[in-house]
**Q** 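Below you'll find the structure I mean.
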Amino acid sequence: MADVAKLAGVSHQTVSRVLNDHPKVRKETRARVLRAITALGYRRNLTARALVTRRSHRLGVVSFDTILYGPASTVHGIERAAREAGYFVSIMSLRTIDRAGVNEAIGHLAEQGVDGVVVVAPQRAAAQALADLPPGLPAVAVEGRHEGEVAVVSVDQREGARHATAHLLALGHDTVWHVSGPDDWLEAEGRHEGWRAALADAGREIPEVLAGDWTPRSGYRAGRVLAARVAEVTAVFVANDQMALGLLRAFSEAGVRVPEQVSVVGFDDIPEAAYFTPALTTVRQDFGEVGRLSIGLLLKQIESSGAAGHDHLIVPARFVIRDSTGRARSALPY
């Protein structure tokens, strides 16, 4: 740092202010210091910085099933937002989800000296484990329940599903069938609630739910069941796009035309959704915004010396209309 100060013609304290992004540094001085840093290839000593600030500038992330699009995209959004804020990230990915496993992962990250943790908690077991956080450890839950002392950031799953179902009803469909996600997932629960609420508000019949597990295979199985009942099924809301892909395959094999005979809506807007046959109408989640808000809430706690957060920030879901939805058969002119 002394070499940087000498080359830039400033004091050691000024270099420190630039490195810590202090607002009271003249623009010209900041530029001169940054040029000196680049010229010398200077890298700050993070260990020394941690001793001075008593912060590691490292955040912990606990997640599950990161091969699934939603959790993987959520973790990516969190990691990117952390890097932009000047923090490194340590990620603990769990294969099995239970309270003990979540607590062990959080404890391991705390032992590493992370300044705070983000827990991607879309399942009940993960959400319940947040009650056992180490005292004073800043924490934010993503897609968890807003209970107790932990701040939460979540996508409005319920409203996204309600909007999707209402869209199908507005196209003249008498009711909407539903292929759900796993029972223990809070996201699946929110999407089921939104679907059911839209039908109840419209005074429509609520069909039996077909249970899925987020995979195309389970969507395919549900699609075979619904294809056999195509005389009464005209619209389906599927809890994620991967299951919708399987359902579309089953419909195609059975000769069921989408959307001429049955309209289909998914959830997530995975990158491939626009290239399904037909292109999938779906609900988009803004994972980048989820990451930005999560890190923002966590840093707010860190800067207030670990004071518990009570915030619950909700990210709106966006409805994306493509080719897989159309007017109900009974609503078409003859």
Side-chain angles (χ1 to χ4, degrees), residues 55-66 70-82 85 87-94 96-159 184-191 193 285-317:
R55 294 183 188 172
S56 65
H57 279 261
R58 183 175 295 277
L59 305 176
V61 176
V62 179
S63 185
F64 324 93
D65 286 336
T66 50
S73 299
T74 300
V75 170
H76 177 69
I78 292 167
E79 185 180 18
R80 183 174 59 189
Y87 282 77
F88 295 97
V89 175
S90 294
I91 299 175
M92 296 285 292
S93 181
L94 304 182
T96 58
I97 300 169
D98 54 48
R99 193 163 184 164
V102 175
N103 288 335
E104 183 179 354
I106 293 173
H108 183 66
L109 290 168
E111 289 173 359
Q112 291 182 10
V114 297
D115 295 330
V117 296
V118 178
V119 182
V120 182
Q123 293 159 298
R124 289 190 182 89
Q128 292 166 358
L130 296 172
D132 302 326
L133 284 170
L137 179 66
V140 173
V142 176
E143 295 300 343
R145 289 192 180 280
H146 190 224
E147 299 172 351
E149 301 295 316
V150 180
V152 175
V153 177
S154 61
V155 174
D156 198 338
Q157 310 289 342
R158 190 179 191 278
E159 181 60 19
D184 58 337
W185 283 67
L186 299 174
E187 293 169 321
E189 180 180 292
R191 295 170 197 180
E193 289 175 352
Q285 303 191 73
D286 189 342
F287 298 109
E289 182 69 358
V290 169
R292 188 185 68 80
L293 292 177
S294 301
I295 294 301
L297 282 183
L298 191 59
L299 297 184
K300 176 181 173 183
Q301 292 181 50
I302 292 170
E303 290 164 3
S304 60
S305 301
H310 300 278
D311 304 273
H312 184 192
L313 303 183
I314 300 176
V315 178

**Q** Can you see which heavy atom on P122 is nearest to which on E187, and at what distance?
**A** CB-OE1, 3.8 Å
**Q** Please find the pair of heavy atoms, one from A139 and one from V150, that lie closest to each other, and give the distance.
**A** O-CG1, 4.0 Å
**Q** Measure the spacing between CD of E193 and CD of E159 and express it to the nearest 0.5 Å.
**A** 12.5 Å
**Q** Working to the nearest 0.5 angstrom, can you tell me the gap between K300 NZ and L293 CG?
**A** 11.5 Å
**Q** Between L59 and I302, is any pair of side-chain heavy atoms under 4.5 Å apart?
**A** yes
**Q** Indicate the atoms forming the closest heavy-atom contact of G116 with L137, along with that distance.
**A** CA-CD1, 4.1 Å
**Q** Can you confirm whether L299 sits close enough to Y87 that some side-chain heavy atom of one is under 4.5 Å from a side-chain heavy atom of the other?
**A** yes
**Q** Determine, stepwise, if the pair V120 / V75 fulfils side-chain contact (heavy atoms from CB on, under 4.5 Å).
**A** CA-CA 8 Å; V120 182; V75 170; 4.2 Å; yes
**Q** Against V61, only a single residue in V142, V119, I91 fulfils side-chain contact (heavy atoms from CB on, under 4.5 Å); can you say which?
**A** I91
**Q** What distance separates T74 OG1 from E79 CD, expressed to the nearest 0.5 Å?
**A** 12.5 Å
**Q** Before you tell me yes or no, could you show the steps for V140 and V153 under side-chain contact (heavy atoms from CB on, under 4.5 Å), namely the whole-Å CA-CA distance, both residues' side-chain angles and the distance that decides it to 0.1 Å?
**A** CA-CA 7 Å; V140 173; V153 177; 4.2 Å; yes
**Q** Quick check: do Q123 and F64 have side-chain heavy atoms less than 4.5 Å from each other?
**A** yes
**Q** Between the side chain of E143 and the main-chain N/O of V155, is any donor-acceptor distance below 3.5 Å?
**A** yes
**Q** Partners of V114 by side chain to side chain contact (heavy atoms under 4.5 Å, CB included), sequence neighbours excluded?
**A** R58, L109, V117
**Q** Looking at S73 and G70, would you say the former's side chain and the latter's main chain have a donor-acceptor pair under 3.5 Å?
**A** no
**Q** Between the side chain of D115 and the main-chain N/O of H57, is any donor-acceptor distance below 3.5 Å?
**A** yes
**Q** For H108 and E104, which I'm curious about, is there any donor-acceptor pair between the side chains at under 3.5 Å?
**A** no
**Q** As an exercise, state the distance from CG of L186 to CZ of R124, rounded to the nearest 0.5 Å.
**A** 6.0 Å
**Q** Do you know the tightest heavy-atom contact between A151 and Q301?
**A** CB-NE2, 3.9 Å
**Q** What's the separation between atom NE2 in H312 and atom CG in L297, rounded to the nearest 0.5 Å?
**A** 10.0 Å
**Q** Please determine if E189 and R158 form a salt bridge, counting it only when a charged side-chain N lies under 4.0 Å from a carboxylate O.
**A** no
**Q** Pair D156, V315 - check side-chain contact (heavy atoms from CB on, under 4.5 Å), show working.
**A** CA-CA 6 Å; D156 198 338; V315 178; over 6 Å; no
**Q** Working to the nearest 0.5 angstrom, can you tell me the gap between S63 OG and I78 CD1?
**A** 7.5 Å
